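Data block below; observations after.
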Protein chains: 2
Amino acid sequence: MPELVSNERVGRSLLREEVSERIKRYILDNRLRPGAPLPTENELCAALGASRSSVREAIKTLDALDIVEVRHGHGTYVGELSLSALVEGLTFRGLLSPDDEFAVLSELVEVRELFERGNAERILGALDTEQLAGLDELVDRMDRGEDTAGADRAFHSMLVHPLGNELVCQLTDAFWDVYTTVAPHLGLPIDEHDTVALHRGIIDAARAEDLAGFTKAVAAHYAPLRHRISAARG
Amino acid sequence: MPELVSNERVGRSLLREEVSERIKRYILDNRLRPGAPLPTENELCAALGASRSSVREAIKTLDALDIVEVRHGHGTYVGELSLSALVEGLTFRGLLSPDDEFAVLSELVEVRELFERGNAERILGALDTEQLAGLDELVDRMDRGEDTAGADRAFHSMLVHPLGNELVCQLTDAFWDVYTTVAPHLGLPIDEHDTVALHRGIIDAARAEDLAGFTKAVAAHYAPLRHRISAARG
DNA sequence: TCATATTTGTCCGTATGTATG
DNA sequence: ACATACATACGGACAAATATG
């Protein structure tokens with residue numbers, strides 16, 4: 001196993017914070033990729049001079065951030081570095097809702113719309129025929145009622161995909177996940193009746209490379225969502 | 001103390017995942033606000049029928065998400081539900097940099113710019129004279145060399161603040177934090193030489209309610225950043 | 001299918017560090 | 001200065017999951 005930063009200050013117990021920093025440094029120094037195996041708990045204990053409890057708690061912290069991934073009875077690995085922590089945090093925030101029950105949801109939808117409308121020009125310029133066909137396929141699937149939720153999620157993900165910005169894609173997915181988890185708890189439906197038609201409108205404008213039409217179609221898609229939220233707000 | 005969901009399945013050990021779910025449910029059911037005290041470790045152990053280790057590890061998971069906050073020797077409290085987990089996760093991703101060292105940074109900056117350019121019209125419509133004066137003050141402070149980093153962060157935060165979208169503000173701050181942490185490790189400077197002038201240009205356009213000018217000024221602000229990143233990319 | 005080794009999961013007892021009154 | 005309450009840390013034992021032969 002590669003070298004691990006040893007505990008140079010013997011005789012003083014390591015803080016949990018330090019343990020997780022050492023583990024992160026171990027990953028960085030060895031340029032480990034997601035999926036790469038980490039030393040076992042016992043090895044980490046020995047290398048860091050910390051007890052198993054401290055190491056385990058540090059690992060749980062890193063696990064929550066998807067920096068490491070723990071597989072029971074198998075081992076600990078470098079995590080996928082996804083935005084799962086953002087999803088869990090925002091979901092909880094949406095469920096707790098300090099004062100305005102729908103504020104989080106409303107802000108979430110606003111950002112989603114911004115990702116699509118604010119990048120409209122670049123999206124239209126980058127969407128190729130293959131991706132347009134993929135969007136068609138997704139809407140068809142929704143129309144047939146096959147995994148409508150998954151197809152809806154994939155639709156918006158694919159819409160921003162040509163931007164070539166992985167972060168935007170992941171945030172789009174993350175916000176969609178938060179919305180679909182929180183909305184039902186607040187009495188809001190996930191699907192609109194005319195979601196299929198609204199999505200088709202977006203594709204049509206995109207295929208025609210009609211910038212104004214595209215922007216309008218995206219606005220039309222999010223309008224009922226926004227209205228429903230503000231109506232529920234009172 | 002308010003009721004806590006008891007362990008209805010006695011004789012079977014609780015999984016850590018379940019423990020953290022129960023704690024989250026406890027917070028939600030009692031509608032606790034950030035800062036509100038949680039039961040002590042021992043009380044949680046007793047109420048959930050789990051060991052200290054399990055409870056502690058569950059708390060560490062929630063702590064990483066800022067759903068709870070632990071104060072040593074004091075107690076455990078409901079967290080601020082900030083985006084600290086996003087910052088830590090993205091920072092680590094930026095430092096690990098699988099293949100393209102600068103991809104994360106580049107995407108980050110793109111989103112920051114989108115928040116300001118894509119909302120230009122609404123920002124101009126909502127900025128009042130008091131906020132404009134606040135922006136002036138921040139740029140003056142940067143010009144005097146007092147806490148330039150903090151003033152820069154606050155500038156962009158204040159710029160999107162009139163949108164009334166707390167999520168956008170927090171994401172703006174979060175991305176700024178990630179950038180300023182990661183950039184130095186990749187040999188990129190935080191400050192541009194003409195940051196003050198570029199910020200002044202943004203304020204001027206905003207004060208004149210010149211939409212095209214504002215968009216241009218924001219683009220001019222981010223252009224050197226983008227160029228520097230793509231230059232470093234090769 | 002079964003036995004075994006490896007690894008993580010859970011639990012308990014105890015000692016230590018820290019903040020409050 | 002002291003006592004109390006609480007979180008932190010440690011180590012050992014056993015249970016559960018997983019992979020291999």
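Computed from a prediction, not measured in an experiment: that's the story for all the values here. By convention in this document, chain letters (A, B, ...) are assigned in the order of the sequence lines, proteins followed by strands, and residues within each chain are numbered from 1.
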Exercise for the section: Report the residue (B:His74 or A:Arg71) whose heavy-atom-nearest nucleotide on DNA chain C is the more 5′ of the two. Expected result: A:Arg71
Exercise for the section: Take B:Ser51 and A:Asn42, find for each the nucleotide of DNA chain C with the closest heavy atom, and name the residue whose nucleotide sits nearer the 5' end. Expected result: A:Asn42
Problem - First of A:Ser53 and A:Gly73 reached from the 5' end of DNA chain D, by closest nucleotide - result: A:Ser53
If I take atom [atom1] in residue [X] and atom [atom2] in nucleotide [N], what distance separates them, rounded to the nearest angstrom?
X	N	atom1	atom2	answer
B:Leu48	C:dT10	CG	C1'	14 Å
B:Ile59	D:dA7	CD1	C1'	9 Å
B:Arg56	C:dT14	CZ	C1'	14 Å
B:Glu57	C:dC12	CD	P	14 Å
A:Glu43	C:dT8	CD	P	8 Å
B:Tyr77	C:dT20	OH	C1'	10 Å
A:Leu44	D:dG11	CG	C1'	17 Å
B:Glu18	C:dC11	CD	P	11 Å

Problem - Presence of donor-acceptor pair under 3.5 Å, side chain of A:His72 and base of C:dT8 - result: yes
Give a yes/no answer on whether the side chain of [X] brings an N or O atom under 4.0 Å of OP1 or OP2 in [N].
X	N	answer
A:Thr76	C:dT8	yes
B:Ser54	C:dC11	yes
A:Arg52	D:dC10	no

Handout entry: Base paired to D:dA1 (Watson-Crick or G-U; both N/O distances under 3.5 angstrom)
Key = none
Exercise for the section: Before accepting this row, confirm whether a basic side-chain N of the pair A:Arg52/A:Glu41 lies closer than 4.0 Å to the acidic partner's carboxylate O. Expected result: yes
Exercise for the section: Using only heavy-atom distances, determine whether the side chains of B:Glu116 and B:Tyr222 contain a donor-acceptor pair under 3.5 Å. Expected result: yes
Practice task
Check whether the side chains of B:Arg56 and A:Ser53 place a donor and an acceptor atom closer than 3.5 Å, and report yes or no.
Solution key: no
Problem - A:Glu146, CD atom: more than 12 neighbouring heavy atoms under 6.0 Å - result: yes
Practice task
Quick one: sort the B:His156 and B:His199 rings into parallel, tilted or perpendicular, breaks at 30° and 60°.
Solution key: perpendicular
Exercise for the section: Looking only at side-chain atoms of A:Val70, point me to the closest of D:dT8, D:dC10, C:dT8. Expected result: C:dT8
Practice task
Among the candidates D:dC6, C:dG9, C:dT8, find the nucleotide nearest to the side-chain atoms of A:Thr40.
Solution key: C:dT8
